Amino acid sequence: MSTSPTTPPSANTGETPAAGDAGGKHKYPVNLPRTAFPMKANLVQNEPASLKRWSGLAAGRGLYESLLAARADAAAFVFHDGPPYANGNIHMGHLMNKCLKDFVVRTKMMAGRKCAFVPGWDCHGLPIEHKVMTDLIEGGKYDKIAALPDDQRKMAVRRECRRYAEKFVKLQGEQMQRLLTLGDYARPYLTMDPAYEGAVLEVLADLVEQGLVYRALKPVHWSIANETALAEAELEYEDREDLSVYVDFEAADADAVYDAFGLATQLEGENDEDEEPPAGAGSGEHRPRPAQRPSFMIWTTTPWTLPANVGIAVNPKHEYALVRVDGNVTVIAAALVGKVTGAAKAEDVRVLATTTGARLLGLRYRHPFVNNPPACGLGRVCDPAKLWSVVAADYVTLEDGTGIVHTAPGHGAEDFATGLREHLPIYCPVQSDGTYDATAPEWLRGVSVWDANRKVTEWLRNSGHLFYDHTFTHSYPHDWRSKTPTIFRCTEQWFISVDGLPEAARGRAGAPEGRNLRRMALAAVDAGAGSTPGTAVPPEGVKFVPEWGRNRLRGMLESRPDWCISRQRAWGLPIPAFTTPDGATFMTAASVRAVAKVVREKGSDAWFTLPPEELLKYYDAAGDNDPLARLVQGAGAAGRLRKGNDILDVWFESGTSWNAVLRERNLGYPADLYLEGSDQHRGWFQSSLLPALGATGRPPFRALLTHGFMVDKNGRKMSKSLGNDIKVEDLLRDHGADVCRWWVSSLAYEHDVKVDMEFFALAGESYRKVRNTLRFMLSNLDDYEPGAGATPGATTLEAWALGEFDALSARVQAAYDDYDYRAAHLALYDFCSRTLSATYLAAVKDRLYCDRPDSARRRQTQAALWTMTDGLCRLLAPLLPHTADEAWRALHKAAPGDDRSVHLLTFAPPTGARPDEHWKRAMDAIAAAGKALEDAKAQSGIQNPLDAGVHLPDTSGVLTRFDATDLADLLGVSKVWIDSAAESARVEDLRARGWEACARSWKRDGTVKRRADGGMLSDRDAAAVGLA
RNA sequence: AGGCCUGUAGCUCAGUUGGCUAGAGCGCACCCCUGAUAAGGGUGAGGUCGGCAGUUCGACCCUGCCCAGGCCUACCA
């Protein structure tokens, strides 16, 4: 910009106008601001240039590497990145998450700590495999692959998946760096890297060693057509017509049922009653009990699962009725009697008594066609007394059916949970091809479940158990590929025990008593809040930011079932289990470690490309004291093994990153902080906590920080389908990274965050305020050499400003320590806007412009400006990496090739200023006088404050300590008199006093007179231009 | 349906162990400056603190219910 007066210094001989008008405007030179730091940030163009400069600092190292080298001996702050899924562009959630993490990294670094940050990606898993499979099928390429042998087919899919993951790791990595986040992007962690995979398996080995890993049955979505388990994402819901049946299950002990309903012990027959009994338990007190055996009526839409029935569930809180329906006596939820009997067009319906579900618990019934108790199921112990009895389930509702739920744990998720809790058999007589096995009743063996629906129904009709049936249409899951309906079927899966091992496995000789992960986790969560009596407290508790995260994680831990860690897919890390020729499963801690070693060398592809003996080449059966080792002892034993088909749940892979990244790279353990969205209480926080407790006995993190989710301006969730999502690319293109970061730093991130395009425009406004403040300071330092200028005295404006700056610096650093970026943001903004722009800078403008350039007063101001600009850049650096560096480099006049950067520094120490203790009072007086000045402007003819002088009251008697000119400059008026007698501020029109305005400074300070050159100048200005 | 969380001026948020006329910034309105100028400064108007009920001498702050929204589970025999 132009900095020299444009008007030639011609002698203006005409009379000098009273006010500094156009005529005399540029007659006298003033020290105009001048800087190369532009008002317009142009972030979209300039940020990439900063990135480029940072990537090639001295010795060819990037900023991240340089910083880590510089902090090599500093105290570490161990921060650990939770891996996003390597799929798609980064979205608003990532934007906030990654910016917050970067604030942590940069604030710790600026505070002098060594804060390594290794960004990671979750690469395995179904979403990618699903997408790749869809593409292969749609591209017509899958048929060829499908024809390959199992291992080769999986390898073909895995190669595609890897390519896909690599593509998005690269894309997202670039986008994250475009957000100016700092980290080891040259060496990120990928869950599909061989070393990472090996480290994951080593944690699995530790858990096996602790006796926490077991194999058991679990119902999964099963495709009969493809004979494979399906994930939720592979299901399509379509309408399907099914049978709906109401079935009477005969009570085993009629009297027990009648007792539960409180019926009298006498039999029916003597005195019939026909009035309805009142509602409530024991309502049948005076009623005789019917002669026939009562039954429980259940409802199901999957009659084929009835062979696997092992219990019936009621809601203990609901009311149940004993009903006589056309001669039969049965139990139905009281609220559903009319609906059920009405649908069946029953003619004679009479409620005999009612009771609560709670009183039905434990009553036994006879299965309508199964006589032999089913086997309990792999890895479990069952309670024979519970089989075929009434159990409790709070998911039983009164919306459909009879209020009594047929429970087949082998064929449903809820039933499975109930079965586990009630120690019922997990029984599944259905084979992988959808036909019944030899354990089913003879008339069903070999029959397909779809045919069984009708067959079972007919059987029940013939045996008199069927109350009513009809067909109906409902939404039913179908296999996405074959478009055929799926079923729930039990399969063998791997679990991590949350409560120590199930009895059956615990008895295994040599296995230690399992750690109780739930108890340990709850203790860790509770430590630091209330303590749980009687539990083993871990070495350290966990800090939660915000505190309510503790409750949330606690709730999840209390209710979570054992963790099913196996999946039947191709794209993942295999669970290195083998099967012997007799069908026994072989996996020990030592064998897992041996396979891990191979995986470290060759990656998990080795599982699909190498034979068992190669995979176990580091395994020494003789040296393995696990009893299972005997399965592979003897020559050639390993060669006869078959490899398992399971891969690990991806949550186990990411949940062991504390080992695969922090310990593997010697970054420190446990981490000081994990920082993720609140959904990760269920996800990564928990999936990290449990394996770490199992393997190391301590939580992997000392503190958990959570942030909320992005919602639109109306508080609705953002989604592509709603069309209210905002694209990060758009933001970066329209606003640049620093504005986005400035916005993130302003958020109350612990709750849901509203996002709208216009918020970024507002953040941009606020950013510009800060930028312009920096620019104005820089522009007044153009002729300043650092170091010049005296230490300011206590009552100087500089002492005040520097004192305010020290307070700001302490406040911002404290806020950074508390992860309260919002507080830092507000303090920084307030300081730039109020303290600097509105107050200090406005006050010193006159001396900066009009004092002789090298005058002591001006240099003193410049020294303060320099200190504050430098310090402010450092405080802003974690939030605005580009802008802070740009300003700092402008301050230090760094040439384009100059490597210096604010990011290589630490926060500035206190300035050492000792402001006078009465500054507060002086500023209050100024504020009060400012109001008086406004009134005067409204009432008298004063418009321009420089036309005014102010008589300041000084009741406290301290204002005289201060310089009257400083006070006048703070007020923006030409003159201040301190009046110890006055009660309130009085404004005087200096024009009425006949005081002329200085042609150079426009002030009317009473010293203005015509000088030798004919101009009207004040004493100060005359001296400044050499006319003294 | 359950767990956790949120609901204070148009917007984003403060409101400490319940206690005087509920605060800030942005925006808005009006004014000033025109030597920070696609800048800068000043003044002011805006709120039945989601709703209802209760506890209390007194509630934005405590309790209950309801409404709206978010995350996570469970989504059904």
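To find a chain, count down the sequence lines: A is the first, B the second, and so on, and within it residues start at 1. This is a predicted model, so every value here is computed, not measured.
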N or O in side chain of A:Lys845 less than 4.0 angstrom from B:G40 OP1/OP2:
no
Side chain of A:Met556 only, heavy atoms from C-beta on: which candidate in B:C72, B:A74, B:C11 is closest?
B:C72
Counting only side-chain N and O atoms of A:Tyr849, is one of them less than 4.0 Å from OP1 or OP2 of B:A36?
yes
Using purine N1 to pyrimidine N3 plus N6-O4 or O6-N4 for Watson-Crick, or N1-O2 and O6-N3 for G-U wobble, each under 3.5 Å, what pairs with B:U16?
none
Side-chain atoms of A:Thr301 come closest, of B:G35, B:A77, B:G41, to B:A77
Residue matched to B:U48 through Watson-Crick or wobble contacts both under 3.5 angstrom
none
Looking only at the side chains, is there a donor atom on one of A:Ser1018 and A:Asp1021 sitting less than 3.5 Å from an acceptor on the other?
yes
Under 3.5 Å for both donor-acceptor distances, Watson-Crick or wobble: does B:A36 have a partner, and if so which one?
none
Please identify which of these residues, A:Lys1003, A:Arg1020, A:Lys845, meets the salt bridge (charged side-chain N to carboxylate O under 4.0 Å, His left out) condition with A:Asp969.
A:Lys1003
Contact class for A:Arg771 vs. all strands (heavy atom < 4.0 Å): base, sugar-phosphate, or nothing?
nothing
Ranking A:Lys717 and A:Asn551 by the position along RNA chain B of their nearest nucleotide, the one closer to 5' is A:Asn551
Nearest-Å distance for atom pair CG/P, residues A:Leu747 and B:C13:
7 Å
Among B:A38, B:G40, B:U12, which nucleotide has an atom closest to any side-chain atom of A:Lys754?
B:U12
Under 4.0 Å, counting only non-hydrogen atoms across every strand here, what does A:Pro945 touch: a base, just sugar-phosphate, or nothing?
sugar-phosphate
Interatomic distance, A:Asn944 CG vs B:U34 C1' [rounded to whole Å]
10 Å
Using a cut-off of 4.0 Å on non-hydrogen atoms, how would the nucleic acid contact of A:Asp830 be classed: base, sugar-phosphate, or nothing?
nothing
Looking at B:C32, B:C72, B:G35, which one has an atom nearest to any side-chain atom of A:Lys937?
B:C32
Check every strand shown and say whether A:Trp548 touches a base, only sugar-phosphate, or nothing at a heavy-atom separation below 4.0 Å.
sugar-phosphate
Distance check needed: B:A77 P versus A:Ile312 CD1, whole Å only.
17 Å
For B:C76, what is the paired nucleotide under Watson-Crick or G-U wobble rules, both distances under 3.5 Å?
none
What does A:Ala413 touch in the nucleic acid at a heavy-atom separation under 4.0 angstrom: a base, only the sugar-phosphate, or nothing?
sugar-phosphate
Looking at B:C26, which nucleotide sits across from it as a Watson-Crick or G-U wobble partner, both distances under 3.5 angstrom, or is there none?
B:G10
Regarding the side chain of A:Pro33, the nearest nucleotide among B:G42, B:A36, B:C76 is B:A36
Rounded to whole angstrom units, what separation is found between the CG atom of A:Leu828 and the C1' atom of B:C26?
17 Å
Classify the side chain of A:Arg552 and the base of B:C71 as holding, or not holding, a donor-acceptor pair under 3.5 Å.
yes
Closest to the side chain of A:Arg822, out of B:U12, B:C32, B:G70, is B:U12
Taking A:His411 as the fixed residue, which of A:Phe488, A:Trp304, A:Phe416 is the one that meets the ring-ring contact (aromatic ring centres under 6.0 Å, His included) rule?
A:Trp304
Looking only at side-chain N and O atoms, does A:Asn97 offer a donor or acceptor that is under 3.5 Å from a partner on A:Glu676?
yes
Tell me which nucleotide among B:C13, B:G70, B:A36 gets nearest to the side chain of A:Ala748.
B:C13
Using only side-chain N and O atoms of A:Arg1000, determine if any of them is under 4.0 Å from OP1 or OP2 of B:G35.
no
What's A:Ser833 touching, base or sugar-phosphate or nothing? Going by heavy atoms closer than 4.0 Å.
sugar-phosphate
Using a 90° cut-off around 0 for syn, call B:G41 syn or anti.
anti
Without decimals, in angstroms, what is the distance between A:Glu758 CD and B:C11 C1'?
8 Å
Checking contacts here: which listed nucleotide (B:C71, B:A74, B:A24) is nearest the side-chain heavy atoms of A:Arg834?
B:A24
When you check the phosphate oxygens OP1 and OP2 of B:A38, does a side-chain N or O of A:Lys40 lie under 4.0 Å from one of them?
no
Once you apply a heavy-atom cut-off of 4.0 Å, does A:Gly715 come out as touching a base, just sugar-phosphate, or nothing?
sugar-phosphate
Report which part of the nucleic acid A:Asn772 touches: base, sugar-phosphate, or nothing (heavy-atom distance under 4.0 Å, all strands).
base
Using the C1' atom as the point on both nucleotides, what is the distance between B:C28 and B:G47, in whole Å?
16 Å
Hey, is the side chain of A:Ser837 poking within less than 4.0 Å of OP1 or OP2 on B:G41, counting only N and O atoms?
yes
Select base, sugar-phosphate, or nothing to describe what A:Ala842 touches, counting heavy atoms under 4.0 Å on all strands.
nothing
Between A:Asp820 and A:Tyr749, do the side chains contain an N or O donor and an N or O acceptor separated by less than 3.5 Å?
no
Regarding A:Ser295 and A:Thr330, is there a side-chain donor-to-acceptor distance under 3.5 Å anywhere?
yes
For the pair made of CD in A:Glu547 and P in B:U6, what is the distance, rounded to whole Å?
13 Å
What's the CG-C1' distance between A:Leu762 and B:U12, to the nearest Å?
9 Å
Does either side chain, that of A:Asp649 or that of A:Trp563, offer a donor lying less than 3.5 Å from an acceptor on the other one?
yes
Residue matched to B:U63 through Watson-Crick or wobble contacts both under 3.5 angstrom
B:A53
With heavy atoms under 4.0 Å as the rule, sort A:Thr402 into base, sugar-phosphate or nothing.
nothing
With the side chain defined as heavy atoms from C-beta on, A:Tyr829 is closest, among B:C26, B:G35, B:A77, to B:C26
Among B:G69, B:U43, B:C72, which is the nearest nucleotide to the side chain of A:Lys931?
B:U43
Verify whether one side chain among A:Asp248 and A:His465 offers a donor that lies under 3.5 Å from an acceptor in the other.
no
Calculate the interatomic distance between A:Asp756 atom CG and B:G10 atom P; express it in whole Å.
18 Å
Please identify which of these residues, A:Thr300, A:Asn309, A:Asp415, meets the side chain to side chain donor-acceptor pair (under 3.5 Å) condition with A:His406.
A:Asn309
Judged by each residue's nearest nucleotide on RNA chain B, which is more toward the 5′ side, A:Lys769 or A:Thr407?
A:Lys769
